[in-house]
Amino acid sequence: MPELPEVETYRRYFEETSLYQPIADVYVQDTKLLTTDYDVLVEKLRNKQFIGTKRIGKNLFAQLDASYWLHFHFGMTGDLAYFRDEEDTPRFARIVFRFANGFKLGFLCPRKFERIGIVENIDEYLSRKKINKDALEIAVEELSKTLKKKNAPIKSVLLDQSTVAGIGNWIVDDVLFQAKIHPERTSSQLSDNEVVEIDKAIKLVIQTAIDCQANYDDFPKNFLIHARGWGIQQKDLIGKCPDCGEAISISKVGGRTTFFCPTRQIL
């Protein structure tokens with residue numbers, strides 16, 4: 001699933017390829033992917049230009065030269081592809097923006113969980129969807145205030161987008177690993193120093209992932225993600241704590257598969 005680092009990569013790709021080009025037309029293969037009526041969407045996009053972007057958590061907003069934005073949600077497997085010739089049309093490009101210069105931007109929707117639509121006001125949209133500030137932008141004071149109110153496991157609280165936007169499953173495991181916090185610790189019982197460590201770990205993990213363009217193999221060896229075995233270069237780290245070398249524990253917290261080190265992260 002595209003997490004915050006992947007969506008940030010998509011945002012940068014979008015800006016590098018698709019800004020300041022008049023939109024000649026929009027092709028939609030499946031209108032079920034739209035959160036805005038098809039005719040309204042085309043009317044609001046045709047002859048307009050994208051002039052900027054904003055990412056909040058896993059949500060990408062593309063600013064138009066108008067009073068509204070186009071919202072992308074990448075679902076489970078969404079992606080973007082910029083191309084020109086019809087024969088180069090990527091598989092699963094179910095929504096395609098055709099620019100006046102002949103180039104195209106495809107919104108790839110392999111599993112059809114992706115969504116796209118017009119948003120008039122970003123703040124109102126986030127409030128309606130109960131999405132809080134982005135993980136890289138939230139202040140430690142606000143994070144602390146929210147965490148101290150929750151009597152649930154800290155992992156579940158951090159996964160809640162109303163707590164902070166953009167923290168997915170593997171990210172929260174690595175955040176808690178870096179902060180030395182057990183995923184089942186009750187959020188409201190965390191000390192001020194522990195909250196500060198969580199805040200620092202959020203910034204560290206997410207910024208590192210962005211800098212590595214979400215390429216797991218490039219992550220530092222002291223990241224817990226290698227224990228998951230997702231990369232191909234760090235096979236010697238699979239199932240092991242990168243800190244102490246002991247076996248990683250795998251359990252369910254809030255219904256989500258959870259990796260942690262019982263030696264480093266004591267309950």
Side-chain angles (χ1 to χ4, degrees), residues 1-12 14-15 35 51-64 67-75 78 114-179 181 183 185-214 253-254 256:
M1 175 184 293
E3 300 288 359
L4 186 158
E6 285 88 352
V7 177
E8 175 62 18
T9 300
Y10 300 161
R11 185 194 70 79
R12 295 179 182 185
F14 187 99
E15 288 211 340
T35 58
I51 61 173
T53 62
K54 185 177 183 64
R55 181 198 51 73
I56 300 175
K58 306 173 190 178
N59 299 272
L60 174 61
F61 299 90
Q63 184 179 10
L64 290 138
S67 61
Y68 44 84
W69 302 67
L70 185 65
H71 171 244
F72 294 81
H73 193 281
F74 294 88
E114 300 75 15
R115 293 293 182 266
I116 195 169
I118 297 296
V119 168
E120 300 287 347
N121 184 291
I122 292 179
D123 289 338
E124 289 179 2
Y125 174 85
L126 297 174
S127 177
R128 187 170 71 253
K129 295 293 184 179
K130 298 181 179 180
I131 299 172
N132 202 2
K133 292 180 181 177
D134 186 82
L136 287 178
E137 297 181 357
I138 193 168
V140 65
E141 295 81 9
E142 182 177 350
L143 179 64
S144 178
K145 185 177 180 180
T146 301
L147 296 185
K148 295 298 181 69
K149 292 179 179 178
K150 306 284 187 175
N151 290 315
I154 182 59
K155 170 159 186 176
S156 299
V157 172
L158 288 174
L159 283 174
D160 186 344
Q161 300 301 290
S162 69
T163 299
V164 58
I167 299 183
N169 195 47
W170 79 260
I171 293 177
V172 74
D173 282 355
D174 234 307
V175 164
L176 295 175
F177 175 78
Q178 301 296 336
I181 305 293
R185 281 282 305 280
T186 300
S187 181
S188 61
Q189 295 178 359
L190 293 169
S191 69
D192 290 340
N193 286 339
E194 287 175 322
V195 173
V196 169
E197 290 303 311
I198 288 174
D199 179 70
K200 288 163 56 178
I202 288 172
K203 271 66 172 182
L204 169 68
V205 171
I206 292 178
Q207 191 58 57
T208 299
I210 290 172
D211 292 344
C212 294
Q213 296 185 333
V253 178
R256 303 297 299 276

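Numbering starts at 1 and runs along the sequence shown.
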For residues [X] and [Y], determine if any side-chain heavy atom of one lies less than 4.5 Å from a side-chain heavy atom of the other.
{"X": "I118", "Y": "L70", "result": "yes"}
{"X": "I202", "Y": "I138", "result": "no"}
{"X": "E142", "Y": "N132", "result": "yes"}
{"X": "V195", "Y": "D199", "result": "no"}

Exercise for the section: Give the intermediate values and the outcome of salt bridge (charged side-chain N to carboxylate O under 4.0 Å, His left out) for residues E8 and R11. Expected result: CA-CA 5 Å; E8 175 62 18; R11 185 194 70 79; 2.8 Å; yes

Any donor-acceptor N or O pair under 3.5 Å, side chains [X], [Y]:
{"X": "T9", "Y": "Q213", "value": "no"}
{"X": "D174", "Y": "Q178", "value": "yes"}
{"X": "S162", "Y": "D160", "value": "yes"}

Fill in the blank from the handout: ring-ring contact (aromatic ring centres under 6.0 Å, His included) filter on F72, not counting sequence neighbours, yields F14, F107

Handout entry: Qualifying residues under ring-ring contact (aromatic ring centres under 6.0 Å, His included), relative to H73, sequence neighbours excluded
Key = none

Handout entry: Within 6.0 Å of NZ in K150, more than 12 heavy atoms from elsewhere
Key = no

Handout entry: K145 atom NZ: more than 12 heavy-atom contacts under 6.0 Å
Key = no

Polar side-chain atom of [X] near backbone of [Y] as donor-acceptor pair, under 3.5 Å:
{"X": "E15", "Y": "R12", "value": "no"}
{"X": "T35", "Y": "I116", "value": "yes"}
{"X": "S187", "Y": "L147", "value": "yes"}

Fill in the blank from the handout: Which of E194, R185, Q189 passes side chain to side chain contact (heavy atoms under 4.5 Å, CB included) with I154? Answer is R185

Handout entry: Name of the residue among K58, R55, K54 meeting salt bridge (charged side-chain N to carboxylate O under 4.0 Å, His left out) with D134
Key = R55

Side chains of residues 163-171: which donor-acceptor pairs under 3.5 Å do they make with residues two or more places apart or in other chains?
{"from": "T163", "atom 1": "OG1", "to": "V157", "atom 2": "O", "distance (Å)": "2.9"}
{"from": "N169", "atom 1": "OD1", "to": "K155", "atom 2": "NZ", "distance (Å)": "2.7"}
{"from": "N169", "atom 1": "ND2", "to": "T257", "atom 2": "O", "distance (Å)": "3.0"}

So, for [X] and [Y], which heavy atoms are closest and what is the spacing to 0.1 Å?
{"X": "P183", "Y": "P153", "value": "O-CB, 3.6 Å"}
{"X": "P2", "Y": "G78", "value": "CG-O, 3.7 Å"}
{"X": "G254", "Y": "S156", "value": "CA-OG, 3.7 Å"}

Practice task
Hey, can you tell me if H71 and Y125 have their rings parallel, tilted or perpendicular (30° and 60° cut-offs)?
Solution key: tilted

Could you measure the distance from the [atom1] atom of [X] to the [atom2] atom of [Y]? Nearest 0.5 Å is fine.
{"X": "L158", "Y": "L176", "atom1": "CG", "atom2": "CG", "result": "6.0 Å"}
{"X": "L190", "Y": "E197", "atom1": "CG", "atom2": "CD", "result": "11.5 Å"}
{"X": "K149", "Y": "S188", "atom1": "NZ", "atom2": "OG", "result": "12.5 Å"}
{"X": "K203", "Y": "E137", "atom1": "NZ", "atom2": "CD", "result": "9.0 Å"}
{"X": "W69", "Y": "L60", "atom1": "CH2", "atom2": "CG", "result": "10.0 Å"}
{"X": "I181", "Y": "S191", "atom1": "CD1", "atom2": "OG", "result": "7.0 Å"}

